Amino acid sequence: MPSVFIKTFGCQANKSDSERVLGDYEARGFKETQNWKEADEIVVNTCSVRQSAEDRVTGFLLNVEKFFAQNKKVKPKVILTGCMLHIKEKEIKTLLPQVDEVLPIGEEGFNQKAIRKDKFHAWVPISSGCNSFCTFCIVPFSRGREKSRSQEEILIEVNDLAKSGYKQITLLGQNVNSWGLEKVGISLRKMFMENSNLSIEDIPENASQYQKPADKPPFVTLLQEISKIDGIEKISFFTSNPWDFWNELIEEIKNNPKVDRFIHLPVQSGSDRILKLMNRGYTRASYLNIINKIMSQIPDAVFGTDIIVGFPGETDQDFQQTVDLVKEVGFKVAFVARYSPRPGTASARLFPDDVSAKVKKERWEILDKLANKDTLKERPMVP
Ligand code: SF4
């Protein structure tokens, strides 16, 4: 039986994709090996969110090449997938000559059976890609536009998981609370970005990419449908964003005991000036307004967040506003990332990376100490 080794870099979305890539390999008669030196094929699921993530991919591929050359063995087939595929295939072959094939992750599809290690909790993708175009972010280019998985397919998978004994699921996507909305779409944030006469005060209260649905938001319906499945005791979701966090969703979390009270709500910065440069489509005040609404209705809610320090032009005053916001909200966990310009993104094109590495590190340490009580956590900037 041929064997495959899957090396996964980056965020939870990549880990979930790798479960489906393995499902595809097993369906084709492969078995998984934990040792790349013995594998017949090596799949590298890549992350592009920061230069250091791409450097780790390059380092791994060089190790593979060196080992097989030194031991005079035939190098296994190396397949590259994941976010680095935003680089054109021809360029990948030049940059990474060790790669034999590329596999766009979308080709595996949502519905390829996932092979999961955990038998109690399962990650269930409900959407992929993103339409939000935050200026620092590579995801809309690396994963493409936002695409929701159908409710029917999600419910079939969760039903199967419940029958296999899974008790907890986490619904996964870059903007889970926008699930099911893309076909309605108008882009207020795009309008905001393209109209340089608009200022931060002009940002609508909820700068969604979509019109508010006249009926119940589809994500709320999805939570209700999943809650009806016997055996599923806890439903979490990751990542939601400050836009499309409708009042109906807050109501649902409040009234549905199966829905997790931990809410991950990336803020990225506490400074309105920086939020505007990031094209986040909300202000410090509107972010805090959502947090306060949730806290007043769900007193046991706890919050996590993502923050970028050292975004171009971030002054000590901007950073202090982030520190103050972190203190005010009292996040249970904050994933703090140092800004790194990604080629192809608007911020890399428009703004010089002018905060020094030393200052980024200092700001990162201050926030990490504050939010994470000395446990260093740094992860890719987006889910
Ligand atoms: S940070 Fe999140 S919301 Fe913004 S573009 Fe990236 S994936 Fe989309």
Side-chain angles (χ1 to χ4, degrees), residues 10-17 46-50 53 82-86 105-106 125-149 171-182 185 187-194 203-204 206-210 219 237-245 263-270 274-283 286-287 290 304-312 314 322 334-351 378-383:
C11 65
Q12 191 53 52
N14 267 16
K15 289 178 194 152
S16 173
D17 287 340
T46 58
C47 173
S48 265
V49 86
R50 278 178 287 144
C83 290
M84 278 178 79
L85 264 53
H86 72 96
I105 205 78
I126 64 166
S127 64
S128 71
C130 184
N131 298 341
S132 290
F133 291 95
C134 302
T135 53
F136 55 81
C137 184
I138 195 74
V139 167
F141 308 100
S142 60
R143 288 184 168 260
R145 295 302 93 80
E146 196 164 322
K147 186 164 175 281
S148 293
R149 190 180 184 192
L171 305 175
L172 188 65
Q174 266 80 29
N175 297 273
V176 286
N177 47 326
S178 313
W179 176 83
L181 285 178
E182 70 255 46
S187 177
L188 292 171
R189 283 176 62 190
K190 191 161 176 287
M191 184 184 83
F192 176 70
M193 208 170 173
E194 284 169 357
I203 298 178
N206 178 347
S208 169
Q209 298 295 297
Y210 311 110
F219 184 59
F237 50 88
F238 185 86
T239 290
S240 44
N241 275 301
W243 49 91
D244 301 328
F245 213 102
I263 298 166
H264 191 82
L265 205 59
V267 67
Q268 305 298 7
S269 172
I274 297 296
L275 287 172
K276 183 173 189 302
L277 295 177
M278 289 176 165
N279 190 32
R280 289 292 288 177
Y282 53 85
T283 59
S286 61
Y287 180 88
I290 298 170
T305 200
D306 296 340
I307 298 170
I308 296 171
V309 293
F311 189 83
E314 186 188 61
T322 305
F335 295 101
V336 185
R338 285 170 272 191
Y339 175 76
S340 149
R342 306 310 302 127
T345 59
S347 68
R349 202 175 59 245
L350 299 172
F351 315 129
E378 187 171 30
R379 68 158 200 173
M381 292 185 279
V382 289

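What you see is a predicted model; the values in this text were computed from it and never measured. Just so it is clear, the values below take in all heavy atoms, side chains as well, and ignore hydrogens, waters and symmetry mates. Read the numbers this way: they start at 1 and go in the same order the structure lists the ligands and their atoms.
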Have Ser178 and Asp244 got a donor and an acceptor in their side chains that come within less than 3.5 Å?
yes

Test item: side-chain donor near acceptor, Asn175 and Trp243, under 3.5 Å:
yes

Could you check which of Gln174, Arg280, Arg143 puts a non-hydrogen atom nearest to atom 7 (S) of ligand 1?
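Closest candidate by heavy-atom distance is Gln174.
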
Heteroatom test (N, O or S) for Cys130 near atom 6 (Fe) of ligand 1, limit 2.8 Å:
no

So which bit of [X] gets within less than 4.0 Å of ligand 1, heavy atoms only: side chain, backbone, both or neither?
X: Phe133; answer: backbone
X: Thr239; answer: neither
X: Pro140; answer: side chain

So that I know where these two stand, are Phe141 and Phe133 an aromatic pair - ring centroids less than 6.0 Å apart?
yes

Within ligand 1, which atoms have a heavy atom of [X] less than 4.0 Å away?
X: Cys134; result: 1 (S), 3 (S), 4 (Fe), 5 (S)
X: Asn175; result: 3 (S)
X: Phe136; result: 1 (S)
X: Val139; result: 7 (S)

With side chain to side chain contact (heavy atoms under 4.5 Å, CB included) as the test, would you mind laying out the steps for Asn241 and Arg280 before giving the verdict?
CA-CA 10 Å; Asn241 275 301; Arg280 289 292 288 177; 3.5 Å; yes

Looking only at heavy atoms of Trp243, does any of them come nearer than 4.0 Å to an atom of ligand 1?
yes

Measuring from [X]:[atom1] to [Y]:[atom2], what's the distance to the nearest 0.5 Å?
X: Cys11; Y: Leu172; atom1: SG; atom2: CG; result: 7.5 Å
X: Tyr339; Y: Ser347; atom1: OH; atom2: OG; result: 2.5 Å
X: Arg149; Y: Ser127; atom1: CZ; atom2: OG; result: 10.5 Å

